[in-house]
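The structure under discussion appears below in the form of structure tokens.
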Amino acid sequence: MLSKNTICLWFDGTALEAATFYAATFPDSAVHAVHHAPGDFPSGRQGDVLTVDFTVAGIPCLGLNGGPAFKHSEAFSFQIATDDQAETDRLWNAIVGNGGEESACGWCRDKWGLSWQITPRVLTNAVTSKDPAVARRAFEAMMTMRRIDVAAIEAAVKG
């Protein structure tokens, strides 16, 4: 059954490669179907992979091999909540170590240009604390980081 709302991600011929990487990297992720073009299209030929149905962390997605016209940007990202430093490091290293690049405050970009926020739950809880001093300290600590350091956030919370 098709989901009522599916995120469509545009790729330049690499939708299956990206979906396969996401399925291998993120829990509750899978490649469900690969659809080949029934005829020629602007960025490919009949028989080429046109779309890929997959999920990322339970979110239904469609990878469309639409060609080079549109690029991913930080205006869209997946935010993945992590439970500890080990999970944070594993996901960060998978993305950055597979041709991606680091950014600031827990953000990184994969080799296909898609942005990810690898966000430990301790950070989210701290920056949304009802205690404004705790939220400020955690926020200020986060602003100095690339990959989030859970121990440093916990230290900031304690003051």
Side-chain angles (χ1 to χ4, degrees), residues 1-128 138-139 142-150 153:
M1 174 184 261
L2 286 176
S3 173
K4 184 145 182 113
N5 185 10
T6 299
I7 294 171
C8 182
L9 300 169
W10 187 289
F11 293 92
D12 186 11
T14 58
L16 181 56
E17 178 188 2
T20 301
F21 172 77
Y22 303 148
T25 302
F26 298 97
D28 195 20
S29 301
V31 173
H32 303 290
V34 178
H35 305 282
H36 298 270
D40 292 348
F41 59 107
S43 63
R45 300 265 179 245
Q46 179 178 347
D48 289 351
V49 173
L50 180 61
T51 62
V52 180
D53 295 327
F54 62 102
T55 53
V56 175
I59 298 172
C61 299
L62 176 77
L64 169 66
N65 281 328
F70 299 108
K71 306 289 184 205
H72 297 290
S73 80
E74 288 81 2
F76 174 88
S77 65
F78 281 101
Q79 184 179 51
I80 305 294
T82 57
D83 292 323
D84 55 30
Q85 191 68 56
E87 184 180 19
T88 300
D89 292 348
R90 183 185 73 75
L91 295 176
W92 184 274
N93 292 336
I95 293 167
V96 173
N98 187 44
E101 61 184 82
E102 296 184 353
S103 191
C105 304
W107 289 62
C108 56
R109 185 173 24 255
D110 67 28
K111 74 179 188 177
W112 301 280
L114 194 59
S115 291
W116 298 84
Q117 298 175 61
I118 307 302
T119 309
R121 293 178 197 280
V122 68
L123 172 63
T124 302
N125 292 338
V127 298
T128 60
F139 182 78
M142 176 201 66
M143 293 298 291
T144 68
M145 300 175 187
R146 287 187 172 278
R147 175 187 353 207
I148 301 302
D149 179 338
V150 169
I153 297 299

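- Heavy atoms only, all atoms of each residue included: Pro120 and Thr82 are closest at CA-OG1, 3.1 Å.
- Side-chain contact annotation: Ser77 with Ser115, donor-acceptor N/O pair under 3.5 Å absent.
- Between the OG1 atom of Thr88 and the CZ atom of Arg147 there is a distance of 9.0 Å, given to the nearest 0.5 Å.
- Two residues are said to be in side-chain contact when any heavy atoms from C-beta on lie closer than 4.5 Å; Phe78 and Asp110 fail this criterion.
- When all heavy atoms of Gly99 and Lys111 are compared, the closest pair comes out as O-CB, 3.5 Å.
- Between Pro60 and Ser3, the shortest heavy-atom contact is CG-OG, 3.5 Å.
- Residue Phe139 places its CZ atom among 12 or fewer non-hydrogen atoms of other residues, nucleotides or ligands, all under 6.0 Å distant.
- The line from CD1 of Ile153 to CE of Met145 is 3.5 Å long, rounded to the nearest 0.5 Å.
- Taking CD1 from Ile95 and CH2 from Trp112, the interatomic distance works out to 9.5 Å, rounded to the nearest 0.5 Å.
- Distance check, rounded to the nearest 0.5 Å: CG of Asp89 to CD1 of Ile148 gives 11.0 Å.
- Using a distance-only test at 3.5 Å, with no hydrogens or angles considered, a donor-acceptor pair links the side chain of Gln85 to the main chain of Val150.
- Contact detail for Glu102 and Cys108: the closest heavy-atom pair is CA-CB, 4.3 Å.
- The backbone N or O of Lys71 sits nowhere less than 3.5 Å from a side-chain atom of Trp10 that would complete a donor-acceptor pair.
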Check: Going through the checks in order, is the side chain to side chain contact (heavy atoms under 4.5 Å, CB included) test met by Phe11 and Val52?
Finding: CA-CA 10 Å; Phe11 293 92; Val52 180; over 6 Å; no
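- Ring-centre distance between Trp116 and Tyr22: below the 6.0 Å cut-off.
- Looking only at distances, no side-chain donor or acceptor of Asn93 sits under 3.5 Å from a matching main-chain atom of Gly97.
- Glu17 contributes atom CD, which lies 10.5 Å from atom CG of Asn65 (distance to the nearest 0.5 angstrom).
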Donor-acceptor contacts under 3.5 Å from residues 23-40 side chains, at least two apart:
| from | atom 1 | to | atom 2 | distance (Å) |
| --- | --- | --- | --- | --- |
| Thr25 | OG1 | Phe21 | O | 2.7 |
| Asp28 | OD2 | Gly58 | N | 3.4 |
| Ser29 | OG | Phe26 | O | 2.9 |
| Ser29 | OG | Pro27 | O | 3.3 |
| Ser29 | OG | Ala57 | N | 2.7 |
| His32 | NE2 | Thr55 | OG1 | 3.3 |
| His35 | NE2 | Asp53 | OD2 | 2.8 |
| His36 | ND1 | Gly47 | O | 2.8 |
| Asp40 | OD1 | Gln46 | N | 2.9 |

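- Of the possible donor and acceptor atoms, none in the side chain of Thr51 sits under 3.5 Å from a partner among the backbone N and O of Leu62.
- Rounded to the nearest 0.5 Å, atoms CG (Leu64) and CG (Asp12) are 10.5 Å apart.
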